[in-house]
Amino acid sequence: MNLSGWGWERTNSLHNPQVCPPWGGVIEWGNMVRVRFAPSPTGFPHIGNLRTALFNWLFARHHGGVFILRIEDTDVARKVEGAEEAILSSLRWLGLDWDEGPFFQSERLPLYQQAAKELVEKGHAYHCFCSTERLDEMRREQVRRKLPPGYDRLCRNLSAAQREESLAKGITPVVRFRIPLEGQTRFNDLVKGPVTFNNRTLDDFILLKADGFPTYHLANIVDDHDMGITHVLRADEWLSSTPRHLLLYGAFGYQPPEFVHLPMILGEDRSKLSKRHGAVSVTEFREQGYLPQAMTNFMALLGWSLDDRTEMFTLEELVSHFSIERLSRTGAVFNLEKLQWMNGVYLRQLSVEEFVDLALPYLERNLPPSVPRPIDRGYLLRMAPFLQERARTLEGVTELADFFFLLTGVDYETGPLLGGMQKEVRKQGKDPAGAAPLARGALEASATAIERAADFEPEALEATFRSLGEGLGLGAGAFFGLLRVALTGRTASPPLFHTMSILGRDKCLARLAAAQQKLPA
RNA sequence: GGGGCAUUCGUCUAGCGGCCAAGGACACCGCCCUCUCAAGGCGGAGAUCACCGGUUCGAAUCCGGUAUGCCCUACCA
């Protein structure tokens, strides 16, 4: 089967799905699966980058293969400080361990330069002396005339004399690939199926830049071959570059790997996910208190599924189930709400001890300075079950728990404080103005009850306050609601008497007194 | 402008010729539980399977075309 329309043949029949078995075939063929994650440190790794890493890792682990990490740092200008470290730490955090590397392309420059030289010598590449200005002007003109933009191949057939002349002028040339002028390049993407490109739609792209660094295309092919990569799992956006890569493999005489183009992760507007879609870097999710198990589970489901009902997967389960056949072909919109829900599920799966250990640093960081440090772990442990059930992120725990810790009392409006009582008064057909005095009386009676309570356990408190409510002629909703706002400053909280018990007598008394102060005379 | 890929509930998806008057999940709504909020349970609404033709006894599933979207079209990756 001639896949390039240009001379080289493939020997691996895996390229033809009709005549080979699907996945397991790889290993039976006697080939060890070798895949790589090759991010570029031009920004902090986002959910799309790491999803690619996850799929590569899952594929490697599923087949007992090798997962390689390679940093493609060939763009000196766009390199972002700290990005490399963020990539490594994100991978570690997610539990995606690599077997080889990290390799850095910036440390392998001679390899690419040698490869470019080889291609020039073989006639598959040539030196180009065109200035950036000329190139820009050419492109502008092409766009203006509605012509397909691309290099006009001015230097493709320079004579030796012309080359010498430019060199003598001190111009440093770039190396461009000599794309075959005709023919087709076909390949069988393991997700997309057969794809065909006409070579004439490809332009003579640059292999080696004037600064001596390779472009992505060159470095990628040289390294993938050098590292024995068998399967390239990468984002869909690379599909259009694949014919160039295949042509390069052909020019070198290398056997190309299998290609697997993964569906892209999209923002709400269905365009390629980027910073403008909000928090997308995995570092940010980590800081916000998303669990790595939730992240991997969620990412795996963006473009992959097992069946029509299973959606909770541990990493181990993903490894055993992962298969390229179950990859989807269409882009997936990143849905934060589903991630939040899933993180909540994983948060609830934690033991209380684990939850407390994870939540503690967030509270230490986020609670107001007035709360003494260190945060009392035993105290946290008591309220933890209630927080765990309600939290969607660890960051969100502070908001759920702060009133337990505040020493100076809680801040709230009289509106919520009196809301329930006013409703109650109206229900009883009395003057709404009576709500405030009624509330004051209820608060006073409650304070007395708390002072006298011998047993401060939730059950005993509930019994006490239920009968107190009855004695006051108040419904549970109104009475407990009043107490809830007085004690927590909010209308929604963990169960009242558990809250009361955890807060303790002193805090309860202080807050009840403060509430009475708030009420209009 | 050119090229490539894609198109099932708002979103993630199941579906690979009859089992689908399309199933699950998130979000949404209602009910139950209940001192509130959660969690949980139950139920509901939500997709003429982009459109038009064709193949077939039969199509979401196969084949054309159209439309729309996305990606690529850099001395970025």
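In what follows, chains are A, B, ... by sequence order, proteins preceding strands, each numbered from 1. Since the structure is predicted, the reported quantities are computational estimates derived from the model, not experimental observations.
Ring centers of A:F313 and A:F322: at least 6.0 Å apart, outside the cut-off. For A:W341 and A:Y346, the distance between ring centers is not under 6.0 angstrom.
Closest contact between the side chain of A:R390 and the listed nucleotides B:U73, B:C76, B:C37 involves B:C37. Comparing B:A14, B:C71, B:U7 by their nearest atom to the side chain of A:R329 picks out B:U7. Taking the side chain of A:T215 as heavy atoms from C-beta on, and the options B:A25, B:C35, B:A77, the nearest nucleotide is B:A77. The listed nucleotides are B:G3, B:A6, B:C75; the one nearest the side chain of A:T201 is B:G3. The side chain of A:E337 lies closest to B:A27, out of B:C35, B:U13, B:A27. Residue A:L302 has its side chain nearest to B:C12 when only B:C26, B:C37, B:C12 are considered. Listed nucleotides B:U11, B:G4, B:C75 differ in distance to A:T132; the shortest reach to its side chain belongs to B:C75. Among B:C75, B:C71, B:G1, the nucleotide with an atom closest to any side-chain atom of A:A210 is B:C75.
Rounded to a whole angstrom, the distance from the P atom of B:G24 to that of B:G44 is 10 Å. For the C1' atoms, the distance from B:A59 to B:A25 is 27 Å, rounded to whole Å. Across B:A77 and B:C72, the matching C1' atoms stand 12 Å from one another, rounded to whole Å. Taking the C1' atoms as reference points, B:C49 lies 15 Å from B:C62, given to the whole Å. Atom name P, nucleotides B:U34 and B:A45: the rounded distance is 28 Å, in whole Å. Taking atom P on both B:C12 and B:U48, the two are 16 Å apart, rounded to the nearest angstrom. As rounded to the nearest Å, B:A27 and B:A22 have P atoms that lie 24 Å from one another. Using C1' as the reference atom, B:C51 and B:A67 are 7 Å apart when rounded to the nearest Å.
In this structure, A:T74 reaches the sugar-phosphate backbone alone: every heavy-atom distance under 4.0 Å involves primed, P, OP1 or OP2 atoms, never a base. Residue-level contact check: A:A332 touches the backbone only, with heavy atoms under 4.0 Å from sugar-phosphate atoms and none from bases. The residue A:P495 sits close to a base: some heavy atom pair falls under 4.0 Å. No engagement by A:G469 is indicated, since no non-hydrogen atom pair under 4.0 Å with the nucleic acid exists. Heavy atoms of A:S493 sit under 4.0 angstrom from at least one base atom. At a threshold of 4.0 angstrom between heavy atoms, the contacts of A:P494 include nucleobase atoms, whether or not backbone atoms are also involved. In this structure, A:V174 reaches the bases: a heavy-atom distance under 4.0 Å links it to at least one base atom across the strands shown. A:M264 comes within contact range of the sugar-phosphate backbone alone, with a heavy-atom separation under 4.0 Å but no base atom that close. Counting non-hydrogen atoms under 4.0 angstrom, A:R348 reaches the backbone sugars and phosphates but no base. Counting any heavy atom pair closer than 4.0 Å across all strands shown, A:L239 reaches sugar-phosphate atoms only and no base atom. No engagement by A:T242 is indicated, since no non-hydrogen atom pair under 4.0 Å with the nucleic acid exists. Heavy atoms of A:F197 sit under 4.0 angstrom from primed sugar atoms or phosphate atoms, though from no base atom. A:K146 comes within 4.0 angstrom of the backbone, heavy atoms only, and of no base. Residue contacts shown for A:R144 are absent, as no nucleic acid heavy atom lies under 4.0 Å away.
A perpendicular orientation is assigned to the rings of A:H217 and A:F205, their planes being inclined by more than 60° (bins at 30° and 60°).
Under the Watson-Crick and G-U wobble criteria, each requiring two contacts below 3.5 Å, nucleotide B:C37 is left unpaired. For B:A6, the paired nucleotide is B:U68, the pair qualifying as Watson-Crick or G-U wobble because both relevant distances are below 3.5 Å. Remark: B:C16 base-pairs with no nucleotide; criterion is Watson-Crick or G-U wobble with both hydrogen-bond distances under 3.5 Å. Across all strands shown, B:C76 has no partner, as no Watson-Crick or G-U wobble contact with both distances under 3.5 Å is found. Nucleotide B:U61 forms a pair with no other nucleotide shown, judged by Watson-Crick or G-U wobble geometry with both contacts under 3.5 Å. Pairing for B:C28 goes to B:G44, judged as Watson-Crick or G-U wobble with the two contacts each under 3.5 Å.
Between A:R490 and the phosphate of B:C37, there is no side-chain N or O to OP1/OP2 separation shorter than 4.0 Å. The side chain of A:R145 places no N or O atom within less than 4.0 Å of a non-bridging phosphate oxygen (OP1 or OP2) of B:G2. A close approach under 4.0 Å does not occur between any side-chain nitrogen or oxygen of A:K192 and OP1 or OP2 of B:C71. Under 4.0 angstrom from either OP1 or OP2 of B:C75 there lies at least one side-chain N or O belonging to A:R139. For the pair A:K79 and B:A77, the criterion of a side-chain N or O lying under 4.0 Å from OP1 or OP2 is not met.
With hydrogens and angles left out, the side-chain atoms of A:D204 and A:Y126 include a donor and acceptor closer than 3.5 Å. At a cut-off of 3.5 Å, with distance as the only test, a side-chain donor of A:N198 or A:Q184 sits close to an acceptor on the other residue. Side-chain atoms of A:R276 and A:S271 form a donor-acceptor pair, as typed in the model, at a separation below 3.5 Å.
Comparing A:A391 and A:R244 by the nucleotide of RNA chain B whose heavy atom lies nearest to each, the residue mapping closer to the 5' end is A:A391. Between A:R392 and A:N198, the residue whose closest nucleotide on RNA chain B is further toward the 5' end is A:N198.
B:A74 atom P lies 14 Å from atom CZ of A:R140, rounded to whole Å. Spacing between atom CZ of A:R234 and atom C1' of B:G4 amounts to 14 Å, rounded to whole angstrom units. Between the C1' atom of B:C12 and the CG atom of A:L306 lies a distance of 15 Å, rounded to the nearest Å. Taking atom CH2 of A:W238 as the reference point, atom C1' of B:C71 lies 11 Å away to the nearest angstrom. Protein atom CD of A:E311 is 13 Å distant from nucleotide atom C1' of B:U11, rounded to whole Å. Atom CZ of A:R309 is separated from atom P of B:C26 by 13 Å (rounded to the nearest Å). Between A:L246 atom CG and B:C72 atom C1' there is a gap of 16 Å when expressed in whole angstrom units. For the pair A:D211 CG and B:A74 C1', the computed distance is 14 Å after rounding to whole Å.
Residue-environment remark: CZ (A:R348) exceeds the threshold of 12 foreign heavy atoms within 6.0 Å. A 6.0 Å sphere centred on CD of A:E413 holds no more than 12 heavy atoms belonging to other residues, nucleotides or ligands.
Between the side chain of A:K338 and the base of B:A25, a donor-acceptor pair under 3.5 Å is found. You won't find any donor-acceptor pair under 3.5 Å spanning the side chain of A:R270 and the base of B:C70, going by distance alone. Within 3.5 Å, a donor on the side chain of A:S240 pairs with an acceptor on the base of B:G3, or the reverse.
Listed for the A:T201 side chain is no donor-acceptor partner under 3.5 Å among the backbone atoms of A:F197.
Tested against A:H261, the residues A:K192, A:R234, A:R329 include a single side chain to side chain donor-acceptor pair (under 3.5 Å) partner, A:R234.
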